[in-house]
*Asks:* 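After the structure tokens below, expect a handful of questions from me.
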Amino acid sequence: MTAQRTHPVEVDGPATRITAVDSLRGFSLLGILVVNIAFLASGYRMAGLAEPAFGSPLDWAVRWTVTMFLENKFYLLFSFLFGYSFTLQVDSAARRGKAFVPMFLRRLAGLFVLGLAHAVLLFPGDILTTYAMAGLALLLLRRITPRTAVALAIVLTCVLAAGFVLLAVLAGTGLDMAGTVSHGTAEAIKSDTSLAGSAPQIVAEHLRKLSLIVVLRVLFQGPAVLAACLIGLAVGKLGLLRDLHAHTATLRRLQWIGFTAGLGGAFVYTLSAWTGAVHKFAGEAVDLLTAPLLAAAYAATFLRLLPRLPRLGRLLAAPGRMALSNYLAQSLICALIFTGYGLALVDRVSPPLEVLIAAGVFAGQVVWSRRWLRTHRYGPVEWLLRYLTYGSRPETAASPGPARPT
């Protein structure tokens with residue numbers, strides 16, 4: 001039997017780094033920024049409305065494109081990678097003879113504190129606290145088989161979709177999966193005034209928003225994140241990402257199924273979000289069932305193209321290796337642009353310009369990440385989280401030598 005060609009891995013820290021995974025994480029980080037910047041830039045978007053100052057065909061084309069192709073897809077990719085990385089951490093602890101549970105609990109506590117600070121100070125749409133809670137569930141379920149993990153993910157997704165169908169029938173909670181609070185124009189105006197104000201006003205507005213979307217986080221987004229994490233757990237246990245060449249047929253099937261069902265569901269979701277032609281909660285239910293398929297198709301396409309685009313892979317791997325630092329930095333930069341922390345341009349930037357700003361921010365992060373990792377082993381926030389996890393100062397110098405193939 002001939003050996004299959006494998007993708008490069010890099011030994012870095014407690015787990016073996018797979019370059020393709022870091023690149024996919026960087027790709028996910030870009031998608032998350034393009035989605036989040038609209039909510040960071042506008043009180044109207046956080047209220048579930050289009051910004052009234054921007055109604056040109058180009059503005060609407062950008063809104064539709066981002067909603068259909070990006071919204072609710074890339075945080076699922078990130079969640080999948082969170083679950084996958086969990087298996088690497090379990091394996092690393094076993095190899096080192098370390099007690100995994102206390103270390104991982106410290107890691108989750110650190111992640112939760114970072115997420116809470118992020119939500120209060122910068123962006124109430126924070127995902128880190130949700131990951132911390134999902135991590136507790138992964139810890140309890142760490143010994144389940146891949147088949148059981150996939151089955152549980154499917155059940156969670158179907159139950160959530162059924163819940164939104166029920167909400168469509170009951171209609172009236174004012175919540176949706178994008179993390180918005182749909183109370184109309186008055187809500188948006190109030191939010192804009194606060195976000196353009198002083199630091200205490202901004203924090204108070206974030207706390208108010210958090211009090212309104214906490215039910216969404218606990219009951220809806222949390223299980224959706226956990227379902228994606230469980231798929232990552234199953235893939236990690238099977239080691240599927242260590243030899244992508246051996247799974248080309250599976251990746252191809254994911255593309256066909258994911259793009260067919262995923263794009264159809266995304267179109268229904270977009271209709272529900274912007275036209276009212278489909279009830280909002282019914283659209284959410286469809287999106288819950290199909291967004292994971294579209295996210296999987298994106299991942300499969302990216303991983304199949306990556307060997308043909310090695311330079312792109314290397315560029316994306318750098319921000320992917322320090323994704324936590326970059327995720328928080330994205331919110332900080334946007335807060336300095338759009339809120340009273342800095343320029344206070346809330347609801348004064350059009351959707352196309354928001355996307356251009358997102359692209360510029362991410363390009364800057366690619367450059368910064370590559371330079372940082374030349375002399376540092378971890379990103380700054382990753383270093384802090386490792387310190388909290390292991391209780392000792394991690395190495396700061398970058399690893400010598402090139403990545404090693406398996």
*Asks:* Can any side-chain N or O of Ser325 pair as donor or acceptor with the backbone N or O of Val381 at less than 3.5 Å?
*Replies:* yes
*Asks:* If the plane angle is over 60° it's perpendicular, under 30° parallel, otherwise tilted; pick one for Trp368 and Trp372.
*Replies:*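 Correct class here is tilted.
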*Asks:* Would you check if the side chain of Arg45 reaches a backbone N or O of Phe39 as a donor-acceptor pair within less than 3.5 Å?
*Replies:* no
*Asks:* Got a second to check how far Glu71's CD is from Ile32's CD1, nearest 0.5 Å?
*Replies:* 12.5 Å
*Asks:* What are the two closest heavy atoms between Leu254 and Ala296, and how far apart are they?
*Replies:* CD2-CB, 4.2 Å
*Asks:* Do you know the tightest heavy-atom contact between Ala291 and Asn72?
*Replies:*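 Here Ala291 and Asn72 meet closest at CB-O, 3.6 Å.
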*Asks:* Are the side chain of Ser42 and the backbone of Ala38 linked by a donor-acceptor contact shorter than 3.5 Å?
*Replies:* no
*Asks:* In the structure I gave you, are the side-chain heavy atoms of Leu122 and Tyr341 within less than 4.5 Å of one another anywhere?
*Replies:* yes
*Asks:* What's the spacing between Gln330 CD and Gln365 CD if we round to 0.5 Å?
*Replies:* 4.5 Å
*Asks:* Just verifying a value: how many Å separate Leu24 CG and Tyr84 OH, rounded to the nearest 0.5 Å?
*Replies:*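 Answer rounded to 0.5 Å: 10.5 Å.
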*Asks:* Indicate yes or no: does Lys280 engage Asp287 in a salt bridge with an N to O separation below 4.0 Å.
*Replies:* no
*Asks:* Is it true that atom CE of Met103 has more than 12 heavy atoms of other residues, nucleotides or ligands lying nearer than 6.0 Å?
*Replies:* yes
*Asks:* Can you list everything that forms a side chain to side chain donor-acceptor pair (under 3.5 Å) with Asp192? Sequence neighbours excluded, please.
*Replies:*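 Not a single residue meets the side chain to side chain donor-acceptor pair (under 3.5 Å) criterion with Asp192.
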*Asks:* Among residues two or more places apart or on two chains, list those pairs meeting side chain to side chain donor-acceptor pair (under 3.5 Å) that have a residue in residues 115-125.
*Replies:* His118-Asp126, His118-Ser331
*Asks:* If you compare all heavy atoms of Ala285 against all heavy atoms of Ala161, which two are closest, and at what distance to 0.1 Å?
*Replies:* CB-O, 3.5 Å
*Asks:* With distance as the sole criterion, is a donor-acceptor pair present between the side chains of Ser194 and Arg208 under 3.5 Å?
*Replies:*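 The criterion, which ignores hydrogens and geometry beyond distance, is not satisfied for Arg208 and Ser194.
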*Asks:* In the structure I gave you, are the side-chain heavy atoms of Leu77 and Arg25 within less than 4.5 Å of one another anywhere?
*Replies:*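 No, every pair of side-chain atoms sits at 4.5 Å or beyond.
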*Asks:* Please report the interatomic distance CG(Leu306) to CZ(Phe27), rounded to the nearest 0.5 Å.
*Replies:* 10.5 Å
*Asks:* Quick one: are Ile189 and Tyr44 in side-chain contact, heavy atoms under 4.5 Å?
*Replies:*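 Of all side-chain heavy-atom pairs linking Tyr44 with Ile189, at least one is under 4.5 Å.
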*Asks:* Measuring only between side-chain heavy atoms, which start at C-beta, is His206 closer than 4.5 Å to Leu121?
*Replies:*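 No, too far: nothing below the 4.5 Å cut-off.
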*Asks:* As a quick check of understanding, evaluate side chain to side chain contact (heavy atoms under 4.5 Å, CB included) for Thr290 and Val286, giving each step before the final call.
*Replies:* CA-CA 6 Å; Thr290 59; Val286 171; 4.3 Å; yes
*Asks:* Which word best sums up how the rings of His279 and Phe281 line up, parallel for under 30°, tilted for 30 to 60°, or perpendicular for over 60°?
*Replies:* tilted
*Asks:* So does Tyr387 have more than 12 non-hydrogen atoms from other groups sitting under 6.0 Å from OH?
*Replies:* no
*Asks:* Using a 4.5 Å cut-off on heavy atoms from C-beta on, say whether the side chain of Arg321 contacts that of Leu373.
*Replies:* yes
*Asks:* State which residues pass salt bridge (Lys or Arg N to Asp or Glu O under 4.0 Å) with Glu51; sequence neighbours excluded, sorted by chain then number.
*Replies:*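 If we apply the salt bridge (Lys or Arg N to Asp or Glu O under 4.0 Å) test to Glu51, skipping adjacent residues, the hits are Arg63.
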*Asks:* Would you mind reporting whether Phe112 and Leu136 have side-chain heavy atoms less than 4.5 Å apart?
*Replies:* no
*Asks:* Looking only at non-hydrogen atoms, find the nearest pair between Ala134 and Val225 and report the distance.
*Replies:* CB-CG1, 4.1 Å
*Asks:* Counting distance only, does the side-chain N/O of Lys73 pair as donor-acceptor with the main-chain N or O of Met68 below 3.5 Å?
*Replies:* yes
*Asks:* Would you mind reporting whether Phe338 and Val349 have side-chain heavy atoms less than 4.5 Å apart?
*Replies:*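 Yes - at least one pair of side-chain heavy atoms lies under 4.5 Å apart.
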*Asks:* Thr339 and Phe123: side chain to side chain contact (heavy atoms under 4.5 Å, CB included), yes or no, with the steps?
*Replies:* CA-CA 11 Å; Thr339 75; Phe123 182 41; over 6 Å; no
*Asks:* Measuring from Cys334:SG to Leu345:CG, what's the distance to the nearest 0.5 Å?
*Replies:*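 That separation rounds to 11.5 Å.
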*Asks:* Using side chain to side chain contact (heavy atoms under 4.5 Å, CB included), reason through Leu240 and Thr250 one step at a time and then give a plain yes or no.
*Replies:* CA-CA 10 Å; Leu240 300 182; Thr250 300; over 6 Å; no
*Asks:* Is Thr270 reaching over with its side chain to a backbone N or O of Ala266, donor-acceptor style, under 3.5 angstrom?
*Replies:*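 Yes.
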*Asks:* Could you check whether Gln221 and Tyr75, counting side-chain N and O atoms only, form a donor-acceptor pair closer than 3.5 Å?
*Replies:*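 Per modelled atom types, Tyr75 and Gln221 side chains form no pair under 3.5 Å.
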*Asks:* Can you tell me how far CG of Leu139 sits from CZ of Phe86, rounded to the nearest 0.5 angstrom?
*Replies:*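 Phe86 atom CZ to Leu139 atom CG measures 5.5 Å (nearest 0.5 Å).
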*Asks:* Looking at side-chain heavy atoms only, is the closest gap between Ile144 and Leu233 below 4.5 Å?
*Replies:*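 Result yes, sub-4.5 Å side-chain heavy-atom pair found.
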*Asks:* Centroid-to-centroid, Tyr298 to Phe74, below 6.0 Å?
*Replies:* yes
*Asks:* Over all heavy atoms of both residues, which pair between Ser191 and Gly43 is shortest? Give the atoms and the distance, please.
*Replies:* OG-CA, 3.8 Å
*Asks:* Could you tell me how the ring of Trp60 sits relative to the ring of Trp274: parallel (under 30°), tilted (30 to 60°) or perpendicular (over 60°)?
*Replies:*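 Rings of Trp60 and Trp274: perpendicular, as their planes differ by over 60°.
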*Asks:* Tell me whether Arg386 is salt-bridged to Glu382, with the criterion being a basic N under 4.0 Å from an acidic carboxylate O.
*Replies:*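 No, Arg386 and Glu382 are not salt-bridged.
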*Asks:* Kindly give the heavy-atom pair with the smallest separation between Ala323 and Leu29, and that separation in Å.
*Replies:*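 Minimum heavy-atom separation between Ala323 and Leu29: O-CD1, 3.9 Å.
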*Asks:* Looking just at side-chain N and O atoms, do Ser272 and Glu284 make a donor-acceptor pair shorter than 3.5 Å?
*Replies:* no
*Asks:* Apply side chain to side chain contact (heavy atoms under 4.5 Å, CB included) to Arg304 and Leu244, showing your working.
*Replies:* CA-CA 8 Å; Arg304 289 190 66 195; Leu244 296 173; over 6 Å; no
